[in-house]
Amino acid sequence: MFFLLGSLLAGFSLARLKVRPQSSKKVVAKLGDIAFFCLLFFIGCSLGGNSEVMLSLPVVGLKALILSFSSVVSSVLFVLLLVKLGGNKI
Amino acid sequence: MTIKILVYLISGILCGMFLLPSKIIAILDPITTGALGLLLFSVGFSLGTDQELKEKIKSLPRITLAVPFVIALGSIVGPWLTASLVKLTRGEAALVGAGFGWYSLSSIIISQTYDVGLGTLALLSNIFRELLAFLLTPLIAKKVGNLPAVALGGATTMDVTLPIVAKNTDPKTTLVAFYSGTVLTILVPLVLSLLLRFV
């Protein structure tokens, strides 16, 4: 957790120090893109290689999907309601 | 974007299932954390290069402070409403939703204090939430709005899904997402222990 927070802060601080931030912006963004797709691939590998997850998938997969989908839809709707209540100022 | 994300995720799952030996899978955790670190570095860098960030933070209405609490409520209400569909009690379904996407912690707490079967369901359901956040955040940001797009990732907008919010929204929303993910992460054990008293 500290490593992740540290990475976020390190990126922020380095950009704030203004050591050619604009010219390095593209390079860092490209690195971020590569890391993003690597991350997705690694997350997939971890899931595929996790026997507990893969074995429970046919048994409770549909139930889990319904619950996660309802959770996501309902939280999106609640935030949308908050935005409307706030007069779309957010 | 969504298709590209799906392709990388599915290829990873297939590799994990059929190609990679368990020794390699065992060392994937630090590699994943390294990739996430690099990713968060780039999000931080992008926020840091925004010259108007201070003004943007100041211009955020106070109502944005309520975002994580509204997401928490929505995350619980959805499963609570669909409990009968999945043949669970409303309390059990609410417990699964209260993981807010933090699958490791919620499944451990539920398995140890309530039921191993429900813990496994919480594990899978919250993994799906993270995957849904990867797949649907670009679409929700585009069609519904930036702030509703923060809701998908739940607690994971503090780290894993923060980059997908940053990629598809603006710096202001990215900051709200980070704040929201942090608050939700703190809320997971608190809400779970509260709900466990009622199931």
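Nothing here was measured: the structure is a model prediction, and the numbers come from that model. In what follows, every chain begins at residue 1, and chains take the letters A, B, ... in the order their sequences are listed. These values consider heavy atoms only, across backbone and side chains, with no hydrogens, waters or symmetry-generated copies.
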In terms of heavy-atom proximity below 4.5 Å to chain B, should A/Val60 be classed as side chain, backbone, both, or neither?
-> both

Measure distances from B/Leu9 to the heavy atoms of chain A and classify the residue's part below 4.5 Å as side chain, backbone, both or neither.
-> both

Side chains of B/Ser75 and B/Arg129, donor plus acceptor under 3.5 Å = yes

Interchain contact, B/Leu20 with chain A, by part (heavy-atom threshold 4.5 Å) | side chain

Mind checking whether A/Phe37 and A/Leu31 sit in one hydrophobic cluster, side chains of I, L, V, M, F, W, Y counted as touching below 4.5 Å?
-> no

Using non-hydrogen atoms and a 4.5 Å limit, figure out which bit of B/Leu162 sits close to chain A: side chain, backbone, both or neither.
-> side chain

Contacting region of B/Val150 [heavy-atom separation from chain A under 4.5 Å] = neither

Measure B/Leu132 against the heavy atoms of chain A and call it side chain, backbone, both or neither at under 4.5 Å.
-> side chain

Structural part of B/Leu39 lying under 4.5 Å from a heavy atom of chain A | both

Segment of B/Leu131 engaging chain A (4.5 angstrom heavy-atom cut-off) = side chain

Residue B/Leu123 versus chain A: region with a heavy atom under 4.5 Å = side chain

Heavy-atom contact with chain A under 4.5 Å, split by part of B/Ile10 | neither

Short question: side chain of B/Ser46, backbone of B/Ser42 - any donor-acceptor pair under 3.5 Å?
-> no

Does A/Lys25 make a cation-pi contact with B/Phe45, if we ask for NZ or CZ under 6.0 Å from the ring centre and within 45° of the axis?
-> no

Is a side-chain donor-acceptor pair under 3.5 Å present for B/Thr173 with B/Asp170?
-> yes

Which residue, B/Val176, B/Thr157, B/Leu175, forms the side-chain contact (heavy atoms from CB on, under 4.5 Å) with B/Val165?
-> B/Thr157

Quick one: does B/Asn126's side chain have a donor or acceptor within less than 3.5 Å of a partner on B/Gly101's backbone?
-> yes

Where at least one partner belongs to residues 57-70 of chain A, residue pairs that pass side chain to side chain donor-acceptor pair (under 3.5 Å), sequence neighbours excluded | A/Ser70-B/Thr82

Structural part of B/Ile13 lying under 4.5 Å from a heavy atom of chain A | both

Just wondering, more than 12 heavy atoms not from B/Tyr179 lying within 6.0 Å of its OH?
-> yes

Would B/Val43 end up clustered with A/Phe3 when hydrophobic side chains under 4.5 Å apart are linked, directly or stepwise?
-> yes

What part of B/Phe178 lies closer than 4.5 angstrom to a heavy atom of chain A: side chain, backbone, both or neither?
-> side chain

Given that the side chain runs from C-beta out, which part of B/Thr33 has a heavy atom under 4.5 Å from chain A: side chain, backbone, both or neither?
-> both

Of all the residues in residues 89-96 of chain B, which have a heavy atom that comes within less than 4.5 Å of a heavy atom in chain A?
-> B/Ala93, B/Val96

For B/Ile108, does its backbone N or O pair with a side-chain atom of B/Ser111 as donor and acceptor, under 3.5 Å?
-> no

Please tell me if the side chains of A/Phe78 and B/Pro148 come closer than 4.5 Å, counting only heavy atoms from C-beta onward.
-> no

Can you check whether B/Gly153's main-chain N or O pairs, donor with acceptor, with B/Thr156's side chain at less than 3.5 Å?
-> yes

Answer with side chain, backbone, both or neither: which region of A/Leu47 has an atom nearer than 4.5 Å to a non-hydrogen atom of chain B?
-> side chain

Given the options B/Ile140, B/Leu73, B/Asp29, B/Leu85, which has more heavy-atom pairs under 4.5 Å with chain A than any of the others?
-> B/Leu73

Below 4.5 Å from any heavy atom of chain A, which atoms of B/Ile24 appear? Answer side chain, backbone, both or neither.
-> neither

